[in-house]
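All values below come from the heavy atoms of this structure, side chains included, with hydrogens, waters and symmetry mates left out.
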Number of protein chains: 2
Amino acid sequence: MKASKKKKLEAAGWKVGSAAEFLELSDAEEMLVNMKVALAKKVKAMRQEKKITQQRLAKLIGSSQSRVAKLETADRSVSMELLIRSLLSMGATRAQVGSIVGTRKTKKVAKAKKKKALVKG
Amino acid sequence: MKASKKKKLEAAGWKVGSAAEFLELSDAEEMLVNMKVALAKKVKAMRQEKKITQQRLAKLIGSSQSRVAKLETADRSVSMELLIRSLLSMGATRAQVGSIVGTRKTKKVAKAKKKKALVKG
DNA sequence: TAACCATATGTCATATTCGACATATGTCAA
DNA sequence: TTGACATATGTCGAATATGACATATGGTTA
């Protein structure tokens, strides 16, 4: 991480330890966000595959349509727990959830480029 | 639902009211609890492997010793998010976290018996 | 156009989770 | 015994996540 960013955060009142320590936390936060986004996409995909509305999924998990919408857009206000509960409520297995949590998304663009490069070479 | 399951959950610190109440726990909720317990055990295992105290882990994740203790005992008041954040902060990979989330615990005794049976047969 | 349905967004009162603190328990060495 | 250290538990005010509601947006059909 850049020193300038650290300075900025410190100026804003954030207590930052060593740069290395901060890096670890930053990575953890980023991974958490990525996990949530991945889970959110799966919620939407599963719901659409089952051809049910957000309203119906909401009822299934004891929530409301608006919260389901927030879930699927990985809104800041949604917890990991609710995301996972939603998947499980739609019939996902622990293994499926674990797979989503544990799998980093690969960029399709990057993959395409790599493939092209191989063909060319 | 089997009484053995109830016992298991209670042993893990999840106080369950009446049996009838427990019966109303959905499969999804039970899976969620099991995931939390598995993650909690991993937090403790990783911390001990790194030979650091709860106090130090607390500082690493910006929390307190008491909360880390609650984390490791899978207290009701701890979120999935904090459990995962703790693992990531100690250097766990997404793949590792995913593996814990997605893997149901199998009884060693049961496994041993199965193996023995195979040998015998 | 209008009416309808699905989804997104903003707000709010309540519920849950948070860090922090006090304190209890347990272990080990002086 | 005492004291120091690690961990567990109970509580509390603050922070965050919740369901619910109103409403906006976008697509489809009459």
Smallest separation among heavy atoms of S86(B) and I61(B), with atom names: OG-CD1, 3.6 Å
Between Q65(B) and Q54(B), a side-chain donor and acceptor under 3.5 Å: yes
T73(B) side chain vs A69(B) backbone, donor-acceptor pair below 3.5 Å: yes
side-chain N/O K44(B) vs dA8(D) OP1/OP2, d < 4.0 Å: yes
Donor-acceptor under 3.5 Å (R94(A) side chain, I100(B) main chain): yes
Nearest-angstrom distance from the residue atom CD of E81(B) to P of dC18(C): 8 Å
Interatomic distance, L82(B) CG vs dA17(D) C1' [rounded to whole Å]: 14 Å
Interface residues of residues 52-80 of chain A with DNA chain D (non-hydrogen, below 4.0 angstrom): G62(A), S63(A), S64(A), S66(A), R67(A), R76(A), S77(A), V78(A), S79(A)
I84(A) CD1 to dT18(D) P, straight-line distance once rounded to whole Å: 12 Å
Basic-acidic side-chain contact under 4.0 Å: E29(B), R85(A): no
Bend angle of the helix from dT1(C)-dA30(D) to dA30(C)-dT1(D), end axes from five pairs each (to 10°): 30°
Derivation of the side-chain contact (heavy atoms from CB on, under 4.5 Å) call for L71(B) and K36(B): CA-CA 9 Å; L71(B) 270 184; K36(B) 281 194 181 181; over 6 Å; no
side-chain contact (heavy atoms from CB on, under 4.5 Å) assessment of S77(A) paired with R67(A): CA-CA 9 Å; S77(A) 77; R67(A) 185 134 299 274; 3.5 Å; yes
salt_bridge(E72(B), R47(B)) N-O dist < 4.0 Å: yes
